[in-house]
2 protein chains.
Amino acid sequence: MTTAQHTPKLTARGAATRTRIVAATANLVREHGAAGTSLDDVMAASRTSKSQLYHYFTNKEDLLRAVAWQQTDRIVEAQRPELDQLDSLAGLRRWRDKFVAARDEAQNVGGCPLGSLASELADGDPQTRTVLQKCFTAWTSPLLMGLTAMRDQGRLRPDADPDALAEAIMTALQGGLLLSNTYRSSRPLARALDMAIDHVASFATSREAAVA
Amino acid sequence: MTTAQHTPKLTARGAATRTRIVAATANLVREHGAAGTSLDDVMAASRTSKSQLYHYFTNKEDLLRAVAWQQTDRIVEAQRPELDQLDSLAGLRRWRDKFVAARDEAQNVGGCPLGSLASELADGDPQTRTVLQKCFTAWTSPLLMGLTAMRDQGRLRPDADPDALAEAIMTALQGGLLLSNTYRSSRPLARALDMAIDHVASFATSREAAVA
DNA sequence: CAAAAACTGGACCATCAAGTCCAGTTTTCT
DNA sequence: AGAAAACTGGACTTGATGGTCCAGTTTTTG
């Protein structure tokens, strides 16, 4: 979906610099958290100077908001093929498997790039919180699409609420990532997602059961 | 359960001071996060001096570990009556209702005291991570007890795995709190817990159905 | 009743943080 | 071409921050 951030006038070089800053910051934040990332770190990692940081962003918070968008884009992009096929229990399970495998590959180190950001910044200024809400909503959107399609195709009962289901899956995902990061094991994440998918399955019709 | 932290020799006054420090730090951390809480803040809030902080704790991390224990104790204590009766679907639902109501009373501001701590510190030193694991396990323990009792009493099918169920509930709880804090609404938490309880219910026998 | 241990106060230090400022260069647009 | 706007470098300011040190008081204990 490429969450566009309105940046009025930028030359080619300017745009490149801005991108470099955001990308570098995103990496640092993913590893050390927002509070653990200083602007000096950002300068070093992006090969820029203070004045450039403050040329493109009004302050650190502003930069972190840009990072939130970028993390969301990255996440969605990385899950692209799977996220577009969440319109069946089989599709959900493929997504789950991919996700869990990816966490295991990363040795379950580091939580959700968006989740940790939210945990750190959600109690801060309202503007940032609003951005975080939109990021979560954007990420949940493919889930919502898929579930809505399932219901419309009669694979889920009419009383299934795609909105509630999608949100519940996202909570399971976030909680799973938090516990998995703490325990350094994908088990909590796997169990959380299994529960969530079972929950969806409990609304499945015989038509979907046949497919699954 | 009162997670005891081995503190060898302490006079009555010393113990009081130590307690005061931990309690004050816990409050500050709950409001501003670990990184957002300075030792000067702690000194002011606990009416102590630097040397006292370093007399009772080797460094900030050490103090934060003590805070993790204390947060866990507090949480468990606050939920005491409900946590002890999680041995039926009805008990689980009462607990859910109490929890959601409490969050609404707090206007859904502030995440889970333990969850945010974990999110912030889980990637730090292993000693701290170990403490966080134990804290989560301690908190999950009453859940595990209740679910095990339910299965032993034949209210859950024999193939129900209390361990997996308890962990899944905790992930739903953590994810729900994160999203609820971000959206400033108890809805995600409520949906997450409903899903988790439905999941437990899917393992219920007719005996439990009769009680519920 | 000492001596040892537990406890306390607060000055001090080195470091690093976000944010400011201004002088200079490059690109864009007419 | 030439002015305006976009862009860049880096020194500098101000204020925290975690952590150290040591001299002094209170409590415990043999």
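Because the structure is a prediction, the values reported are computed rather than measured. Reckoned from all heavy atoms, side chains included, excluding hydrogens, waters and symmetry mates.
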C/dC7 phosphate, OP1 or OP2: any side-chain N/O from B/Q52 under 4.0 angstrom? no
Between P of D/dT20 and CG of B/L39, the distance in whole Å: 11 Å
Smallest separation among heavy atoms of A/A34 and A/L121, with atom names: CB-CD2, 4.4 Å
When rounded to whole Å, the CZ to C1' distance for the pair A/F57 and C/dA18 reads 16 Å
With a cut-off of less than 4.0 Å, is there a side-chain N or O of A/S51 near OP1 or OP2 of C/dT20? no
Kindly say if A/T48 contacts the phosphate of D/dT8, meaning a side-chain N or O under 4.0 Å from OP1 or OP2. no
OP1 or OP2 of D/dT17 less than 4.0 angstrom from a side-chain nitrogen or oxygen of B/S38, does that happen here? yes
Per side-chain contact (heavy atoms from CB on, under 4.5 Å), B/T25 is matched among B/L53, B/D41, B/V42 by B/V42
B/D40 CG to C/dC13 C1', in whole Å, measures 14 Å
B/R129 (side chain) donor-acceptor with A/Y183 (main chain) under 3.5 angstrom: no
Atom CE of A/M43 to atom C1' of D/dC12: distance rounded to whole Å? 13 Å
Quick note, B/K50 side chain, CB onward, closest among D/dT20, D/dT8, D/dC21 is D/dT20
Please state how far atom NE2 in A/H55 lies from atom C1' in D/dC7, giving the value in whole angstrom units. 5 Å
Between A/D123 and B/R30, does the salt bridge (Lys or Arg N to Asp or Glu O under 4.0 Å) criterion hold? Intermediate values first, please. CA-CA 11 Å; A/D123 287 328; B/R30 205 157 19 115; over 6 Å; no
Rounding to an integer number of Å, can you tell me how far A/R18 CZ sits from C/dT27 P? 20 Å
Nearest-angstrom distance from the residue atom CZ of B/R20 to P of C/dC7: 12 Å
Does D/dG18 have OP1 or OP2 under 4.0 Å away from a side-chain N or O of B/Y54? no
Which whole-number value in Å describes the distance from B/L53 CG to D/dT17 P? 13 Å
Just to be sure I understand the rule, does B/T58 reach a base, reach only the sugar-phosphate, or reach nothing, if contact means heavy atoms closer than 4.0 Å? nothing
Within 6.0 angstrom of B/M145 CE, more than 12 heavy atoms from elsewhere: no
